[in-house]
Amino acid sequence: MSSTFSLDPGADQLAVRDWLHGFAADVIRPAAAEWDEREETPWPIIQEAAKLGIYSLDFYAQQYFDPSGVGIPIAMEELFWGDAGIGLSIVGTTLAAVAVLANGTDEQIGTWTPQMFGTPDDVKVAAFCSSEPDAGSDVGALRTRAVYDEAKDEWVLNGTKTWATNGGIAAVHVVVASVDPELGTRGHASFVVPPGTPGLSQGQKFKKHGIRASHTAEVVLDGVRVPGSCLLGGKEKLDERLARAREGAKRAGGKSNAAMATFEASRPAVGAQAIGIARAAYEVALDYARTREQFGRPIIDNQGVAFQLADMKTRIDAARLLVWRASWMAVNNQPFTSAEGSMSKLYAGETAKFVTAQAMQILGGNGFTREYPVERMHRDSAIYSIFEGTSEIQRLVIARAISGMPIR
Ligand SMILES: Cc1cc2nc3c(=O)[nH]c(=O)nc-3n(C[C@H](O)[C@H](O)[C@H](O)COP(=O)(O)OP(=O)(O)OC[C@H]3O[C@@H](n4cnc5c(N)ncnc54)[C@H](O)[C@@H]3O)c2cc1C
């Protein structure tokens, strides 16, 4: 499947956008302040999304395979325009689902992805657990170990994961662990930990600066035993990969390349979330600047304020173009020769921080209070230069891609 890159998403995708916008405006936005204060997962809203078909693997698959190539960013932008904390609670499960889709066998995909979402009457969430206290940007430093117990055909997992979205409250956890520490990232493998598995527990739940409706916690793995069938991709494939890595066959088909390609493909979706926040803050600021009067005229009458809004809108549109291009490239299997996926996430994340800070400035004292939503949006935007690869790591990836040099 291949389509020409176009800035017209087409009638079907515009209809989805309008439908999601309605949900974001009617259900998510009015609940945003409450769940931000409660710092709890908004289960009733996830359930409502599930009833409407917005919280399901089918929905995301449909958006991903939309011929326009921009189905996912459009969906993300609308949901996160509603609210980023609730938005992440709704889409956080997809992190784990994508790990299974990218690395799992057809049987594993069929078994685990439905359990990640549950049913509209009994919704579940899933967690993707890679980061550790000493392994954030430096994924190669992770210490969680997976040891194979051949007699029982079971893997035994031990370690502590941190900052896991939905960690501990998830039905299904996907855990990245080292099966051969000497091989660094090429000695990593991903495991599904089924619901209710003994030895997996939630550690500290973090109190956060932003996206507070999204649950973030440590996940402790203490002698967790999972069947051999929970190794994503299967043992044969892992053994082949480890053998290749040990022989030093680094590049073609190696995990590093595959993992990088997966990151490039998933980063535009995260960029689109940031654009949703930025657009929301920009709209509040534009509206406010038109109506707030000082010195006997609307504040937007001042070039100083109007130019701020012009910059905000320009950056939002530029970010969206980068995100749409990268998303289209991913769907159409185009090579990310200049790390275009990372570019889109970098620029969109920084744009969200810039725009929400400007919005707060335009709202003056009101912008600093919780009476207006830009204060929350400003807090929420901060995560977009940190998770899914910090802005510095995106620059590193882009710099390496464009130079071919092992830049450190
Ligand atoms: C709310 C939230 C949700 C998250 N959800 C998940 C999740 O679901 N699953 C999961 O696995 N992880 C998750 N994370 C973890 C997240 O991906 C990491 O926080 C992120 O990768 C950065 O790692 P770190 O925090 O250890 O920062 P560090 O890696 O310690 O970085 C600290 C600073 O040093 C800079 N730095 C580090 N190395 C370099 C370098 N080589 N060159 C230049 N600068 C560098 C970084 O850019 C950063 O500014 C989440 C984090 C948060 C806060």
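Below, each value reflects all heavy atoms present in this structure, side chains not excepted, and no hydrogens, waters or symmetry copies. We count residues from 1, following the sequence as given. Read the numbers this way: they start at 1 and go in the same order the structure lists the ligands and their atoms.
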Chemist: Could you tell me whether some N/O pair between Phe128 and ligand 1 is separated by less than 3.5 angstrom?
Modeler: yes
Chemist: I'd like to check which ligand 1 atoms, numbered from 1 as shown, lie under 4.0 Å from a non-hydrogen atom of Thr390.
Modeler: 22 (C), 46 (C), 47 (O)
Chemist: So Trp19 and Phe59, would you call those rings parallel, tilted or perpendicular, with 30° and 60° as cut-offs?
Modeler: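 Perpendicular, since the angle between the ring planes exceeds 60°.
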Chemist: Kindly assign one of parallel, tilted or perpendicular to the pair Trp155 and Tyr148, based on the angle between their ring planes and the thresholds 30° and 60°.
Modeler: tilted
Chemist: Judged by modelled atom types alone, do Glu340 and Gln334 share a side-chain donor-acceptor pair under 3.5 Å?
Modeler: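 No donor-acceptor contact under 3.5 Å links the two side chains.
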Chemist: If you measure only the distance, is there a donor-acceptor pair under 3.5 Å linking the side chains of Ser56 and Asp58?
Modeler: no
Chemist: Thinking salt bridges, do Asp180 and Arg186 make one under a 4.0 Å N-O criterion?
Modeler: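 Salt bridge: no.
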Chemist: Can a protein heavy atom be found under 4.0 Å away from atom 5 (N) of ligand 1?
Modeler: yes
Chemist: Among all protein heavy atoms, pick the one closest to atom 20 (C) of ligand 1 and tell me residue, atom and distance.
Modeler: Ile386 O, 3.6 Å
Chemist: From atom 33 (C) of ligand 1, is the closest protein heavy-atom distance below 4.0 Å?
Modeler: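 So far as the 4.0 Å threshold goes, atom 33 (C) of ligand 1 is out of reach of every protein heavy atom.
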Chemist: Report the part of Ile383 in contact with ligand 1, treating N, CA, C, O as backbone and CB onward as side chain, heavy atoms under 4.0 Å; options are side chain, backbone, both, neither.
Modeler: side chain
Chemist: Output the list of atoms in ligand 1 that are nearer than 4.0 Å to some heavy atom of Glu392, sorted by atom number.
Modeler: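 Per the distance check, 43 (C), 44 (N), 46 (C), 47 (O), 49 (O).
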Chemist: Quick one about Ser391 and Ser385 (side-chain donor to acceptor, distance below 3.5 Å, no hydrogens or angles considered), yes or no?
Modeler: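 Result is no, nothing qualifies.
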Chemist: Is the shortest distance from a Lys or Arg side-chain nitrogen in Asp83 or Arg29 to a carboxylate oxygen in the other one below 4.0 Å?
Modeler: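 No.
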Chemist: Minimum distance, heavy atoms only, to atom 28 (P) of ligand 1: which one of Gly136, Ser214, Ser137 is it?
Modeler: Ser137
Chemist: What atoms in ligand 1 come closer than 4.0 Å to a heavy atom of Lys208?
Modeler: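 Reading through ligand 1 atom by atom, the close ones are 1 (C).
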Chemist: I'd like to check which ligand 1 atoms, numbered from 1 as shown, lie under 4.0 Å from a non-hydrogen atom of Ile211.
Modeler: 1 (C)
Chemist: When you measure from atom 8 (O) of ligand 1 to every protein heavy atom, which one gives the shortest distance, and what is it?
Modeler: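 Nearest neighbour among protein heavy atoms for atom 8 (O) of ligand 1, to 0.1 Å: Thr165 N, 3.0 Å.
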Chemist: Hey, is atom 30 (O) of ligand 1 under 4.0 Å from any protein heavy atom?
Modeler: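 Within 4.0 Å: no protein heavy atom nearby.
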Chemist: Among all protein heavy atoms, pick out the one at the shortest distance from atom 39 (C) of ligand 1; state its residue, atom name and that distance to 0.1 Å.
Modeler: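 For atom 39 (C) of ligand 1, the nearest protein heavy atom is Ile393 CD1, 4.0 Å.
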Chemist: Quick one: do Glu77 and Arg320 make a salt bridge, cutoff under 4.0 Å?
Modeler: yes
Chemist: What residue and atom, counting heavy atoms only, is the protein's closest point to atom 41 (N) of ligand 1, and at what distance?
Modeler: Leu396 CD2, 4.0 Å
Chemist: Check Leu95 against ligand 1 and report side chain, backbone, both or neither, counting heavy atoms closer than 4.0 Å.
Modeler: side chain
Chemist: Less than 4.0 angstrom from a charged side-chain N to a carboxylate O is my criterion; do Glu218 and Lys205 meet it?
Modeler: no
Chemist: List the closest protein heavy-atom neighbour of atom 14 (N) of ligand 1: residue, atom name, distance to the nearest 0.1 Å.
Modeler: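 Of the protein heavy atoms, Trp163 O, 3.3 Å lies nearest.
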Chemist: Using heavy-atom distances, let me know which of Gly92, Ser131, Ala170 sits nearest atom 15 (C) of ligand 1.
Modeler: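 The nearest heavy atom belongs to Ser131.
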Chemist: Give the ring-plane orientation class for Trp81 versus His21, where under 30° counts as parallel, over 60° as perpendicular and anything between as tilted.
Modeler: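 Because their plane-to-plane angle lies in the 30° to 60° range, the rings of Trp81 and His21 count as tilted.
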Chemist: Do Arg267 side-chain atoms and Lys345 backbone N/O form a donor-acceptor pair below 3.5 Å?
Modeler: no
